[in-house]
Amino acid sequence: MQEALRQGWRGDTMIERIYSDRLKPEMHGSRVSIAGWVQEKRKLGGLLFLLLRDRGGVVQVTLPKKQVSQEVFETAKKLSRESVVVVRGVLQAVEKAPGGVEVVPESIEVLSSSASPLPLDPTGRVPANLDTRLDHRVLDLRKPQVAAIFRVRSALLHAARSHLLGEGFIEVHTPRIISTASEGGTELFPVSYFEREAFLAQSPQLYKQMLMATGFDRVFEIATYFRAEEHDTIWHLNELTAIDCELSFISDHEDVMDVTEGLVHAMLRGIEEECQKELELLGAELPEAGKIPRISYEEALEMLEEHGFSLSFGEDMSTEAEKRLGEIMGEQGYELYFIKDFPLEAKPFYTMPGGDKLSRSFDLEFRGREVVSGSQRIHTHELLVERIKACGLRVENFQNYLEAFRYGMPPHGGFGMGIERFLMLLLGLSNIREAALFPRDRFRLQP
RNA sequence: GCCCUGGUGGUGUAGCCCGGCCUAUCAUACAGGACUGUCACUCCUGUGACUCGGGUUCAAAUCCCGGCCAGGGCGCCA
């Protein structure tokens with residue numbers, strides 16, 4: 001695999017090609033085959049340049065009229081921008097060529113010719129609105145800066161997965177189609193399930209907890225979830241991706257924060273190691289991956305108070321307060337920090353109470369925005385039933401879930417991290433839609 | 001769900017406040033032409049737009065009302 005990436009793919013059924021970033025001046029005189037999209041064409045009468053873009057970058061194809069066959073010259077002259085071609089020719093080390101190399105073609109095979117005009121400029125020189133970009137997302141994704149977001153996303157998930165597996169977690173997949181709401185609160189998308197109504201999963205919460213009663217001990221799931229909220233902001237998607245973890249035999253939520261912290265560090269390390277080029281392209285700076293401070297909700301209130309921002313206990317932190325706290329922590333050099341011990345009333349029914357009117361819960365904040373939410377969960381049947389009632393939910397709706405707590409459930413806790421949100425903050429994207437390939441929002445169902 | 005802003009060629013914009021000199025600006029793209037070292041090539045020629053419906057007015061891209069669409073904020077959350 002690694003070798004294949006270095007050389008370009010080879011094989012009987014594949015078109016032989018080498019990626020543009022593997023072409024070096026030392027290879028002067030060798031015959032090469034490159035394939036990709038015609039990004040630009042410059043005609044200078046008897047001399048014609050093509051800029052060919054592939055996964056590795058852009059390479060110049062040069063056609064001096066007198067050095068190439070008339071047929072090849074005519075083919076090149078007629079090419080429309082963004083057509084897909086295979087160019088076979090001789091590599092030349094030429095100082096005045098971009099990158100110091102160019103290919104003088106012996107043949108140009110047009111695999112697919114592009115229609116024109118293009119609905120947006122794939123080089124990004126002429127800007128396009130996000131809406132236009134998303135309408136023509138395939139062309140938009142040809143821009144290196146846009147593609148870079150998804151290379152980082154892939155590296156991020158890869159790092160998370162290998163870290164968690166290394167920490168003894170097993171990867172699971174819980175149902176996407178559910179019969180009732182997992183936690184109330186958010187709206188669900190109804191789906192028709194034969195003769196019944198069912199819903200798309202909003203989170204794996206109840207299932208990952210049930211798995212704690214099996215002895216799997218530590219599980220994680222990377223999957224998409226669906227929220228029918230009619231919110232329409234730069235922070236929300238109706239289809240989102242999350243990393244969810246749940247682990248058993250914990251003492252309290254501090255143990256869960258330890259795991260969260262380890263995961264975040266591993267993800268940052270993974271990107272740091274694999275995505276230097278992408279980070280540079282996006283102008284993104286990773287946060288310091290030191291010890292992540294843990295402040296309590298009450299301490300957070302005090303800090304806000306000191307900076308002239310008054311909130312009463314129990315009051316949910318507003319977006320503005322959250323942002324302000326992000327600034328305060330940022331001034332102290334912390335872009336990442338936990339807020340823990342939230343008021344119980346602000347948290348879902350399965351959250352373990354702790355202290356007076358408090359809970360054993362936490363959020364991980366990143367630059368003033370919540371990216372992870374977690375807690376120790378209630379593991380006793382009686383307390384759970386009591387809390388379900390106290391939250392105004394119907395115990396009958398949770399029979400299967402509750403059964404898992406009747407025959408031996410260890411103390412446990414976990415968290416969920418929104419990938420798009422995290423990626424957005426990490427890369428400084430201005431809209432969460434940029435972090436999803438084909439985002440689903442209140443009004444967008446296509447492409 | 002509530003609040004605010006906007007909609008001009010394929011794309012991105014100027015013009016709108018203060019209606020008429022708009023036969024609508026500029027860039028890029030597209031078509032044709034000239035050019036053998038371009039690198040956002042350059043130069044010449046050309047094609048291409050006022051979101052839709054209604055109203056005010058002698059006159060509407062410009063003012064008013066409504067629809068549709070988009071952008072942003074709040075609430076809620078990841």
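Throughout, protein chains are lettered first and strands after them, A, B, ... in sequence-line order, and every chain is numbered starting at 1. If you're wondering where the values come from, they're calculated on a predicted model, not measured in any experiment.
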Rounded interatomic separation in angstrom, taking [atom1] from [X] and [atom2] from [N]:
X	N	atom1	atom2	answer
A:Arg442	B:G72	CZ	P	16 Å
A:Tyr225	B:C76	OH	P	24 Å
A:Ile419	B:C77	CD1	P	20 Å
A:Leu47	B:U36	CG	P	8 Å
A:Glu239	B:C77	CD	P	21 Å
A:Leu139	B:G10	CG	C1'	12 Å
A:Asp441	B:C69	CG	P	12 Å

Would you call [X] and [Y] a salt bridge, using N to O less than 4.0 angstrom?
X	Y	result
A:Arg151	A:Glu278	yes
A:Arg377	A:Glu246	yes
A:Glu370	A:Arg421	no

Sequence neighbours left out, what pairs pass salt bridge (charged side-chain N to carboxylate O under 4.0 Å, His left out) with at least one residue falling in residues 119-129 of chain A? A:Glu40-A:Arg125, A:Arg81-A:Asp121
State which residues pass ring-ring contact (aromatic ring centres under 6.0 Å, His included) with [X]; sequence neighbours excluded, sorted by chain then number.
X	answer
A:His236	A:His231
A:Phe362	A:Phe338
A:Phe73	none
A:Tyr337	none

Using both pair distances under 3.5 Å as the test, note the stems of at least 3 consecutive Watson-Crick or G-U pairs that include RNA chain B. B:1-7 with B:68-74, B:10-12 with B:26-28, B:30-34 with B:42-46, B:51-55 with B:63-67
Can you check nucleotides 11-15 of chain B for protein contacts, nitrogen or oxygen pairs under 3.5 Å, and list what you find?
from	atom 1	to	atom 2	distance (Å)
B:U11	O2'	A:Pro127	O	3.0
B:G12	OP1	A:Asn129	N	3.0
B:G12	OP1	A:Asn129	ND2	3.2
B:G12	OP1	A:Thr132	OG1	2.8
B:G12	O4'	A:Pro127	O	2.9

Quick one: list whatever passes salt bridge (Lys or Arg N to Asp or Glu O under 4.0 Å) with [X], sequence neighbours left out.
X	result
A:Glu171	A:Arg161
A:Glu365	none
A:Asp131	A:Arg444

For RNA chain B, the residues among residues 60-69 of chain A that have a non-hydrogen atom under 4.0 Å from it: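 A:Gln60, A:Lys66 - these, ordered by number, are the residues of the stretch whose heavy atoms sit under 4.0 Å from the strand.
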Distance, [atom1] atom - from [M] to [N], rounded to whole angstrom:
N	M	atom1	answer
B:G6	B:G66	P	15 Å
B:G12	B:G7	P	13 Å
B:A61	B:U38	P	47 Å
B:A60	B:C65	C1'	15 Å

From [options], nucleotide with atom closest to [X] side chain:
X	options	answer
A:Arg81	B:A70, B:C30, B:C77	B:C30
A:Asp131	B:G37, B:C35, B:A70	B:A70
A:Ser116	B:C30, B:C76, B:G72	B:C30
A:Pro117	B:G37, B:C30, B:A40	B:C30

Write out all pairs satisfying side-chain hydrogen bond (donor to acceptor under 3.5 Å, both in side chains) with one or both partners inside residues 427-440 of chain A, taking only residues at least two apart or from two chains.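 Every side-chain hydrogen bond (donor to acceptor under 3.5 Å, both in side chains) pair that includes a residue of residues 427-440 of chain A, provided the two are not neighbours, is A:Arg133-A:Glu434, A:Asn431-A:Arg433, A:Arg433-A:Asp441.
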With no hydrogens and no angle check, just 3.5 Å: does a side-chain donor-acceptor pair link A:Glu102 and A:Thr62?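 Their side chains do contain a donor-acceptor pair, which is all the 3.5 Å distance test asks for.
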Please determine if a side-chain N or O atom of A:Asn431 lies less than 4.0 Å away from the OP1 or OP2 oxygen of B:G72. yes
Closest-nucleotide 5' rank along RNA chain B - winner of A:Phe443 and A:Trp235: A:Phe443
For A:Glu420 and A:Arg433, take the nucleotide of RNA chain B holding the closest heavy atom to each; which residue's nucleotide lies nearer the 5' end?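 First, find each residue's nearest nucleotide; the 5'-ward one identifies A:Arg433.
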